[in-house]
Amino acid sequence: QPPLELMRQWMDYGFWYDRQKQIPKYLRDMYLMAAMGPPGGGRMVISRRLQSKFSLFNMTFPTESQIKRIFGSMINQKLQEFEEDIKPLGVPITQATIDVYNYVSVRFLPTPTKMHYLFNMRDMAKVYQGMLRANKNYHDRKGTMIRLWIHECYRVFAD
């Protein structure tokens with residue numbers, strides 16, 4: 001991975017060497033911030049030699065109960081302005097969204113030809129972003145609210 005080695009070289013020495021002019025090229029007042037995911041799905045292993053130059057933070061995926069609380073509280077708050085028969089839909093919509101996410105993320109794994117099959121919390125948030133735009137004048141029955149949820153899931157997870 002030559003680009004990563006060039007980055008490591010700059011971090012070690014503070015310059016790159018111009019082989020044609022035979023002079024060092026300094027880069028000053030520059031900060032480098034990077035993010036990486038676990039290897040797989042087209043992502044390569046980053047060498048320990050380069051990793052040692054960074055402060056590493058590991059962000060674990062939240063548990064299902066945490067996800068239910070985050071997204072469930074958002075949708076339940078929104079549904080408070082709707083009719084009485086629509087208000088209790090928050091819990092089943094949240095559980096169904098988690099089930100769809102879990103199924104899709106296990107079933108549709110990234111490959112070199114389908115690198116976009118990388119699902120994360122952002123995808124679940126996109127479903128809720130659409131759900132939170134629901135209007136009580138248009139989504140006045142359970143069926144229309146469920147159709148909206150299906151539409152948002154297709155929009156986010158469908159190929």
Side-chain angles (χ1 to χ4, degrees), residues 1-79 89-134 145-159:
Q1 299 173 350
L4 296 178
E5 277 305 306
L6 279 173
M7 212 173 5
R8 186 203 52 80
Q9 183 181 11
W10 171 75
M11 293 173 82
D12 279 344
Y13 302 109
F15 68 89
W16 286 310
Y17 194 73
D18 187 338
R19 293 174 58 191
Q20 292 180 347
K21 296 179 184 175
Q22 296 188 351
I23 59 169
K25 286 190 172 186
Y26 291 94
L27 294 171
R28 302 210 187 269
D29 298 326
M30 188 173 106
Y31 295 99
L32 181 65
M33 186 167 93
M36 63 183 226
R43 293 183 303 265
M44 304 300 287
V45 175
I46 306 298
S47 70
R48 294 208 183 271
R49 192 173 179 189
L50 178 62
Q51 282 183 23
S52 70
K53 306 298 177 202
F54 292 94
S55 297
L56 299 178
F57 298 97
N58 184 24
M59 305 297 256
T60 59
F61 197 79
T63 63
E64 189 170 317
S65 64
Q66 291 169 328
I67 294 170
K68 282 182 188 177
R69 183 171 179 167
I70 293 167
F71 291 110
S73 60
M74 288 190 319
I75 195 71
N76 285 328
Q77 181 68 34
K78 175 67 178 179
L79 293 178
L89 286 178
V91 174
I93 284 176
T94 302
Q95 185 60 51
T97 307
I98 291 170
D99 292 343
V100 168
Y101 170 79
N102 288 335
Y103 180 81
V104 166
S105 61
V106 169
R107 192 81 167 181
F108 298 122
L109 299 174
T111 63
T113 57
K114 305 244 183 190
M115 289 187 292
H116 62 281
Y117 282 177
L118 294 170
F119 300 103
N120 55 37
M121 288 285 287
R122 231 178 287 138
D123 299 305
M124 286 184 63
K126 287 178 189 174
V127 171
Y128 280 87
Q129 187 177 23
M131 293 293 295
L132 294 175
R133 291 180 177 209
M145 195 58 124
I146 292 169
R147 284 180 56 197
L148 174 65
W149 175 79
I150 292 169
H151 167 77
E152 292 301 324
C153 287
Y154 268 111
R155 184 180 64 82
V156 172
F157 295 115
D159 218 0

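- Of the inter-residue distances, the one linking Leu132 atom CG with Phe71 atom CZ reads 9.5 Å to the nearest 0.5 angstrom.
- The shortest heavy-atom contact between Val91 and Asn76 is N-OD1, 4.0 Å.
- Residues passing the side chain to side chain contact (heavy atoms under 4.5 Å, CB included) test with Phe54 are Met11, Leu32, Ala34, Leu50, Leu56, sequence neighbours excluded.
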Please tabulate, one pair per line, all N/O donor-acceptor pairs under 3.5 Å involving side-chain atoms of residues 94-102, not counting sequence neighbours.
{"from": "Thr94", "atom 1": "OG1", "to": "Gly90", "atom 2": "O", "distance (Å)": "2.7"}
{"from": "Thr94", "atom 1": "OG1", "to": "Tyr128", "atom 2": "OH", "distance (Å)": "3.1"}
{"from": "Gln95", "atom 1": "OE1", "to": "Lys68", "atom 2": "NZ", "distance (Å)": "2.9"}
{"from": "Gln95", "atom 1": "NE2", "to": "Glu64", "atom 2": "OE2", "distance (Å)": "3.4"}
{"from": "Gln95", "atom 1": "NE2", "to": "Asp99", "atom 2": "OD1", "distance (Å)": "2.9"}
{"from": "Thr97", "atom 1": "OG1", "to": "Ile93", "atom 2": "O", "distance (Å)": "2.7"}
{"from": "Thr97", "atom 1": "OG1", "to": "Trp149", "atom 2": "NE1", "distance (Å)": "2.7"}
{"from": "Tyr101", "atom 1": "OH", "to": "Phe119", "atom 2": "O", "distance (Å)": "3.4"}
{"from": "Asn102", "atom 1": "ND2", "to": "Ile98", "atom 2": "O", "distance (Å)": "3.3"}

Applying side chain to side chain contact (heavy atoms under 4.5 Å, CB included) to Gln129 and Glu152, what does each step give before you reach the verdict?
CA-CA 9 Å; Gln129 187 177 23; Glu152 292 301 324; over 6 Å; no
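- Atom CD of residue Gln51 and atom CD1 of residue Ile46 lie 7.0 Å apart, to the nearest 0.5 angstrom.
- Across every non-hydrogen atom of Pro92 and Leu89, the tightest pair is CD-O, 3.3 Å.
- Distance CG/Asp123 to SG/Cys153: 11.0 Å, rounded to 0.5 Å.
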Using the side chain to side chain contact (heavy atoms under 4.5 Å, CB included) rule, take Met7 and Lys53 through it: C-alpha gap first, then chi angles, then the decisive distance, then the call.
CA-CA 10 Å; Met7 212 173 5; Lys53 306 298 177 202; over 6 Å; no
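- Relative to the six-membered ring of Tyr26, Arg28 meets both conditions, a distance below 6.0 Å and an angle of at most 45° to the axis.
- At least one donor-acceptor pair under 3.5 Å links the side chain of Tyr17 to the backbone N or O of Gln22.
- Listed here is the closest heavy atom pair of Ala134 and Leu148: CB-CD2, 3.6 Å.
- Counting non-hydrogen atoms of neighbouring residues, nucleotides and ligands closer than 6.0 angstrom, the OH atom of Tyr13 reaches no more than 12 such neighbours.
- Taking CD of Glu5 as the start and CH2 of Trp10 as the end, the distance is 15.0 Å to the nearest 0.5 Å.
- Under a 3.5 Å cut-off, the side chain of Arg155 and the backbone N or O of Lys126 do form a donor-acceptor pair.
- Distance check, rounded to the nearest 0.5 Å: CZ of Arg49 to CZ of Arg8 gives 3.5 Å.
- Atom NZ of Lys25 sits about 13.0 Å away from atom CZ of Arg19, to the nearest 0.5 Å.
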